[in-house]
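I have placed the structure first, in the form of structure tokens, so that the comments after it can refer back to it.
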Amino acid sequence: MASTGPTNGIDDQAAIWAVEAAHGDMTPESRADLERWLAADRRHRGAYIRARAWLRAAEEAVVEARAAAVSPPVAAAPLVSDNDNERDHGDQSRSFAAPTPARPLRRALPCWGGRIVAGGGALAASLAVLLALGVPLPSLSGGGGAAEEGAGQIVRLRDGSVARLGPDARIQVVLADDIRTITLLSGEATFEVARDKARPFVVRSGDVYAQATGTVYSVGRVGDTGGTVKVLEGSVLVWPRDERDQAVRLAAGGTVTLDPGPEPAPAPDAPPVRRLSPPDMARISLDNVPIAQAAQRFNRVNSTKIVIADPAIGEIRIIGHYKSNDPEQFARAAAMISGGQVRHVDGDIVIFMK
Amino acid sequence: MGDQCDTVAAWIAREIVPHEAAIRRWLARRWGHAVDVEDVIQEAYCRLAGLASIDHIDNPAGYFHRTAHAAASDLMRRAGIINFTLMTRIEWSDVMDGEPLPDQAMEASQELERVRGLMSALPDTCRRVIELRRVEGLSRKETAERLGVSENDVKNHLVRGLQKVMKRMAEQDARMDGDEQADAGRKAERIGKHRPH
């Protein structure tokens with residue numbers, strides 16, 4: 001280290017250590033030096049972590065650029081257009097002008113070596129409507145990993161969501177600018193939903209609907225009208241036909257099968273999707289309210305209770321607007337603010353001090 | 001701080017670093033007069049690195065935002081500044097449910113592009129070192145031989161590249177701060193529209 005000479009600023013010093021740790025030979029002595037430097041000031045620790053992260057990000061960027069330069073551009077999935085007159089989706093193209101690679105897929109890929117950036121631009125240029133009869137995902141060919149998961153096909157949707165189709169599964173996708181509607185025609189499929197609060201992601205199986213704004217869940221057909229919804233991550237609203245206000249909220253690990261059977265009344269003129277109300281869920285607004293008091297408000301309207309294990313947490317005040325039916329989200333924010341931690345105990349959400 | 005927390009480190013590099021500029025601007029705009037932005041950023045990274053698991057975080061940008069918010073609040077509490085409710089009210093609506101508003105999602109992808117651009121501005125030798133080390137998998141010694149420099153120089157090229165990237169990013173932010181000021185009003189208006197009550 002001495003060879004690098006004097007430096008000014010914590011960041012410069014942190015950069016030297018970051019390179020040393022990643023590319024040097026850390027001797028016991030230099031390790032001790034580093035530990036001493038880190039212990040000297042909490043800011044050193046933060047600066048060091050930041051420098052390591054930036055080094056890593058820089059390396060990944062170089063590796064990625066290199067991979068992109070070496071491999072030919074990835075072809076877009078051969079999307080089959082089903083319905084050209086569904087093209088009236090407003091500023092669709094604007095929202096997708098800067099597509100980002102699907103996060104869950106990126107995460108599944110190995111860190112180093114030949115990672116290929118998915119051909120988002122080409123995908124974005126295709127139509128909003130597609131009938132995906134098991135369209136494979138060629139953009140993953142470089143990464144391996146995720147593509148091999150499960151026997152079924154993986155379909156990457158233009159919004160960044162990913163559908164994994166089980167055997168015999170067929171889906172129909174309509175991405176409008178206020179709603180993303182996927183109709184499961186047959187079989188079973190799992191969806192990794194790209195977050196987009198403005199456009200709820202609704203999977204329809206017969207007369208059963210399952211809505212999320214960003215999560216992982218699977219839907220399987222049951223008979224002519226029913227569906228089974230399994231939630232793997234996050235939470236999903238499930239309801240039959242137009243009873244959206246009666247929707248069941250299903251959390252991770254939950255499964256529900258609904259089969260409403262034949263429609264009792266004559267079929268309405270408009271399909272139920274059109275009558276879907278905007279996803280404007282009730283909010284709880286907190287203006288400098290103690291966390292304990294805020295938790296009570298959530299507990300009044302939710303079956304999943306928030307328990308504050310430590311009175312000190314309960315006294316800390318919180319500001320913000322939260323979905324009233326998502327105590328989990330609030331609990332995480334409260335834990336973040338109070339320096340606590342969230343744990344699930346017997347179906348309750350418990351916030352306690354670390 | 002070895003490589004046992006490699007998953008978290010990789011996650012920070014991929015999911016957090018691209019949002020640093022946005023968080024920095026937000027901190028400077030809202031709280032710059034009360035706290036040292038560098039201190040908050042460093043504290044936020046510290047907290048993120050302390051995470052035992054990242055599996056529960058599905059929105060890294062939002063999480064970074066909240067972490068920085070918590071770090072800033074703590075610093076301000078320590079400094080005896082208690083009444084920051086008004087200052088943060090508008091920003092708080094951003095973190096309502098941890099999902100970025102659509103236009104924020106757009107901004108995030110622009111951030112990503114910007115960071116990529118920044119990386120491409122690495123000095124050539126530094127790029128070459130990274131390629132040899134990470135793409136071709138050469139050792140430091142082999143890398144030094146290939147480039148005809150000393151092993152120490154290999155490190156120095158990396159250090160200088162890294163310092164340059166980090167500095168340039170802070171400078172860019174300083175320049176963009178002016179525009180952001182003007183944006184603040186519009187942004188508040190936009191948030192108002194998203195929340196019609």
Side chain from CB out, backbone as N, CA, C, O: work out which of these in B:I41 comes under 4.5 Å of a heavy atom of chain A, or both, or neither. side chain
Please identify each residue that fulfils salt bridge (Lys or Arg N to Asp or Glu O under 4.0 Å) with B:E131, with sequence neighbours left out. A:R66, B:R128
Is it the backbone or the side chain of B:L122 that comes under 4.5 Å from a heavy atom of chain A, or both, or neither? side chain
Please classify the contact of A:A14 with chain B as side chain, backbone, both or neither, using a heavy-atom distance under 4.5 Å. neither
A:D41: partners by salt bridge (Lys or Arg N to Asp or Glu O under 4.0 Å), with sequence neighbours left out: A:R43
Rounded to the nearest 0.5 Å, how far does OG1 of B:T67 lie from CG of B:L48? 4.5 Å
Highest number of heavy-atom pairs under 4.5 Å with chain B among A:R42, A:H44, A:Q341 belongs to A:R42
Is B:E43 salt-bridged to B:R47, cutoff N-O under 4.0 Å? yes
If I take atom CD1 from residue A:I179 and atom CG from residue A:D196, how far apart are they, to the nearest 0.5 angstrom? 11.5 Å
Counting only non-hydrogen atoms closer than 4.5 Å, does B:V165 touch chain A with its backbone (N, CA, C, O), its side chain (CB onward), both, or neither? side chain
Looking only at B:L158, B:V129, B:I12, B:I16, most heavy-atom pairs under 4.5 Å shared with chain A are made by B:L158
So which of A:R332, A:M26, A:R50 has the largest heavy-atom pair count under 4.5 angstrom toward chain B? A:R50
Can you see whether A:E328 engages A:H344 through a side-chain donor-acceptor pair at a distance of less than 3.5 angstrom? yes
Please classify the contact of B:R133 with chain A as side chain, backbone, both or neither, using a heavy-atom distance under 4.5 Å. side chain
Would you say A:R56 and A:R52 make side-chain contact, with heavy atoms under 4.5 Å? no
Could you look at B:R140 and say if it's the side chain, the backbone, both or neither that has a heavy atom under 4.5 Å from chain A? side chain
